[in-house]
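Just the heavy atoms: all of them, side chains too, but no hydrogens, waters or symmetry mates, feed the values below. Just so we're on the same page: letters track the sequence lines, and every chain starts at 1.
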4 protein chains.
Amino acid sequence: MPTQKVTKTQIIEIARQVFTKQGYHHTSMSDIAEASGLRKGSLYHHFKGKEELMMAAIDCFHQQFKEGAFSALNNEELNTQQKLNHLINYSEKTYLEDEGSMMANIMLEVINTAPAIANCIKKYFEEWIESVTQILSEVYPPKGAQKIAKESIAAIEGAVMMMQIFNDKSFLTRVHEGLRRRVAQDILEREAV
Amino acid sequence: MPTQKVTKTQIIEIARQVFTKQGYHHTSMSDIAEASGLRKGSLYHHFKGKEELMMAAIDCFHQQFKEGAFSALNNEELNTQQKLNHLINYSEKTYLEDEGSMMANIMLEVINTAPAIANCIKKYFEEWIESVTQILSEVYPPKGAQKIAKESIAAIEGAVMMMQIFNDKSFLTRVHEGLRRRVAQDILEREAV
Amino acid sequence: MPTQKVTKTQIIEIARQVFTKQGYHHTSMSDIAEASGLRKGSLYHHFKGKEELMMAAIDCFHQQFKEGAFSALNNEELNTQQKLNHLINYSEKTYLEDEGSMMANIMLEVINTAPAIANCIKKYFEEWIESVTQILSEVYPPKGAQKIAKESIAAIEGAVMMMQIFNDKSFLTRVHEGLRRRVAQDILEREAV
Amino acid sequence: MPTQKVTKTQIIEIARQVFTKQGYHHTSMSDIAEASGLRKGSLYHHFKGKEELMMAAIDCFHQQFKEGAFSALNNEELNTQQKLNHLINYSEKTYLEDEGSMMANIMLEVINTAPAIANCIKKYFEEWIESVTQILSEVYPPKGAQKIAKESIAAIEGAVMMMQIFNDKSFLTRVHEGLRRRVAQDILEREAV
DNA sequence: TATGAATGAGTTTTCATTCAT
DNA sequence: AATGAATGAAAACTCATTCAT
């Protein structure tokens, strides 16, 4: 019937959840339709196709992550350690809540099969690395900063994966705890100099 | 009089490559048939179905990893550090050659959609963790050994993922280099005690 | 307070163009909506459905042809040759402008699939033949008049088709030129008798 | 079931008939499947898609026309008039049997919507014109030969269309009769010179 | 063994149409 | 009048699987 049943934003949020659980290729438009209470055809009123819907879900996550995590970056009231802790805490919270990393899960699936989507996700990781690098540059030399940023994010993604595999959140909490400690220590050392 | 064109082992090896590139759900039996020079129907003489073929590929990889990596475990001529370095080297070599981790790629895809396969892969990771833990137990207390094993493997898998995303092997080489250094240092310290 | 954006007549004219280019079955209501600056749903305020819209376009063309071509029929100031030349000129002009014959294009498509539309178009051709026959009857015996009328119209439609296929207007201009010459000659001969 | 039910050639022949009746866009793969006693999916075992099937039907018709009509061209035992009469007879017979011209019907539908198909059909008309031109060149000057060829073929196609519209075969028989007479007369005149 | 043919269930997508606002 | 949302039916196409040869 012709009145609005679900907003576009709601559909995207639902799609995000379904895609996170089932992956890109194994999620059908029917699945998302059913989950959102619409009929298959109605989805095409809001999105040109499955790919566009997937990218909308990615952009939605990216945007939220930006606002939630990267926002601290430009907050001048926070010192380096506070900024990093904010990022670490936000990352931990998000991945725990989602019980996995949509970005990683989808990425591995589409990297050789859906370049448009892969590109979308790549930008997310680039931006994440870039943000962390930027903060770390306040205490490390540029090259070292980027190296640590890459290492840390890789470690987090690896931990999220293991968390999913073993259904064991300690993988995630430990990496984040480790990062927090490392940051504290390194900053202490720098300041001592 | 149809003579054997491709051996079962060859098919598995080819399937492993295709699955690694394209994932489980996006790889069709046609894809594998084409890649192996057979027709679709012929695959069913060797495997009951797609799932069995996938699991054969997983088992094959698992077996190779076992022989290649875990073998060092029981070699009494090697000391702890040598054993660990062997493991680290083998891991690095394998992931570099495959340009990705089939186990991780497939796992994330099937974890909620194909439990039989997921279980198969889970065992691989369990065994890997177990093996590393065992070696580390020669120098660390049991709890700590397992913790480090989990951390290290998570870090490696995260690095493999990033390597794929950014098409940059340094993610992988750096983690392995880091592990080598850590092992050397830790063992030195223990021995000093 | 929705004010009128496009008149019904304008929609029909636009539909006529789109149908001429793309045919009946391959033209969607969306296509026509888009071309006319309306949304799909709005078309249904003016027409019961696609079929009615198609028939409106046909009727519109038919009406124009009637006024433009057949009008000469009852003009008592014109002699037979002038009437025929008027018809021939109008036909040539119309088909050149439209770069094709909507009536023919649509007819062949719907003849076995949409009888209501087919009937509509059939009437157009009947009327056209009838009109030409009527004029020709002023110089030919009735049977012969109809025969020539049918032949001429068939020749024109065949030429329009070839014009579209080869994107070559000479097919059309030559047939019309041939008809003009034939008319002139035949009438001369009759008068000589 | 896995044994062959219909040959590829039979499918093409059936498709040709269905396409001729219903046109390209309004014929679904289901229609053809049903008409040929196969299931929808099975058609894709023989043809990559609808377009390929359509083109196969076109090629089949083209080939038959070539063998049936154009063959006389190179038969040195026939004189010009005999060759032309063969062509005219074959054309008449074919269009009467098919109760329409698939080539014309489909062409008008796809000319702006499926260029690959349009091109296929265009080649058929080009070849037809070329063949007639070649024979006519034996009695007419080259330019005149081609002009008459084009005119004749356009006239035939127009007549076929009218035959379909009015379900009246006399359109077709008369054009062909006219052509036969014209040929006879022209050749007589030339010989008189 | 190998394969070509067939199939049913499912995929993404299109589309004419309806209707509350 | 206009429109955005919704929908059911059907379109083209895919694919894992079966089986006679």
Side-chain angles (χ1 to χ4, degrees), chain A residues 1-8 11 25-33 36-53, chain B residues 1-8 25-33 37-53, chain C residues 1-8 25-33 37-53, chain D residues 1-8 11 25-33 36-53:
Chain A
M1 284 96 211
T3 22
Q4 184 157 17
K5 297 172 71 173
V6 204
T7 67
K8 190 165 175 169
I11 299 173
H25 292 301
H26 194 61
T27 297
S28 73
M29 291 301 265
S30 287
D31 290 338
I32 294 166
S36 61
L38 288 173
R39 304 284 168 232
K40 234 188 321 181
S42 311
L43 288 177
Y44 289 84
H45 184 62
H46 299 281
F47 306 94
K48 274 214 291 246
K50 187 178 167 181
E51 193 171 281
E52 192 178 296
L53 180 48
Chain B
M1 325 76 201
T3 45
Q4 189 152 341
K5 295 175 69 177
V6 204
T7 67
K8 189 165 176 171
H25 292 300
H26 195 63
T27 296
S28 71
M29 290 300 266
S30 288
D31 289 338
I32 294 165
L38 289 173
R39 301 286 169 255
K40 232 194 320 184
S42 312
L43 288 176
Y44 289 84
H45 283 284
H46 300 281
F47 308 94
K48 270 208 289 228
K50 188 177 166 182
E51 194 171 283
E52 193 179 295
L53 180 47
Chain C
M1 328 71 204
T3 45
Q4 187 152 346
K5 294 176 68 175
V6 203
T7 67
K8 187 164 176 170
H25 292 300
H26 195 63
T27 296
S28 71
M29 290 300 266
S30 286
D31 289 338
I32 294 165
L38 288 174
R39 301 284 169 258
K40 234 193 319 184
S42 312
L43 289 176
Y44 288 84
H45 284 284
H46 300 282
F47 308 94
K48 271 209 288 229
K50 187 177 165 182
E51 193 171 283
E52 192 179 295
L53 179 48
Chain D
M1 286 96 214
T3 23
Q4 185 157 18
K5 298 172 70 174
V6 205
T7 66
K8 189 166 177 170
I11 298 173
H25 292 300
H26 195 62
T27 297
S28 72
M29 291 301 265
S30 286
D31 290 339
I32 294 165
S36 60
L38 288 174
R39 304 284 168 231
K40 234 188 320 181
S42 311
L43 288 176
Y44 290 86
H45 184 62
H46 299 281
F47 306 94
K48 273 214 294 244
K50 187 177 166 184
E51 193 170 283
E52 191 178 296
L53 180 47

*Nucleotide-resolved protein contact map, nucleotides 9-16 of chain F, B/S/- at heavy-atom distance under 4.0 Å*: --SSBBSB
*Grab the CG-P distance between C:L43 and E:dC15 for me, whole Å please.*
14 Å
*asked:* Tell me whether the side-chain N/O atoms of D:R39 come closer than 4.0 Å to OP1 or OP2 in E:dG8.
replied: yes
*What integer distance in Å separates C:F47:CZ from F:dA1:P?*
11 Å
*Say you draw a straight line from NZ of C:K8 to NE2 of C:H46; how long is it, rounded to the nearest 0.5 Å?*
8.0 Å
_As an exercise, state the distance from NZ of A:K50 to NE2 of A:H25, rounded to the nearest 0.5 Å._
7.0 Å
*In dot-bracket, 5' to 3', how would DNA chain F read with Watson-Crick or G-U wobble pairs under 3.5 Å, [ ] for crossing ones and | for pairs to another strand?*
.||||||||||||||||||||
*asked:* Using 0.5 Å steps for rounding, measure from the NE2 atom of D:H45 to the CZ atom of D:F47.
replied: 11.0 Å
*Is the shortest heavy-atom distance from the side chain of C:M29 to the side chain of C:L53 under 4.5 Å?*
yes
Identify every side-chain donor-acceptor pair in residues 36-44 of chain D under 3.5 Å, counting partners at least two apart or on other chains, and give the distances.
{"from": "D:S36", "atom 1": "OG", "to": "D:I32", "atom 2": "O", "distance (Å)": "2.8"}
{"from": "D:S36", "atom 1": "OG", "to": "D:A33", "atom 2": "O", "distance (Å)": "3.1"}
{"from": "D:S42", "atom 1": "OG", "to": "D:R39", "atom 2": "O", "distance (Å)": "3.4"}

*Output the single nucleotide from E:dA2, F:dA20, E:dT7 whose closest atom is nearest the side chain of B:H46.*
E:dA2
_Residue closer to the 5' end of DNA chain F, B:H45 versus C:V6 (nearest nucleotide)_ = C:V6
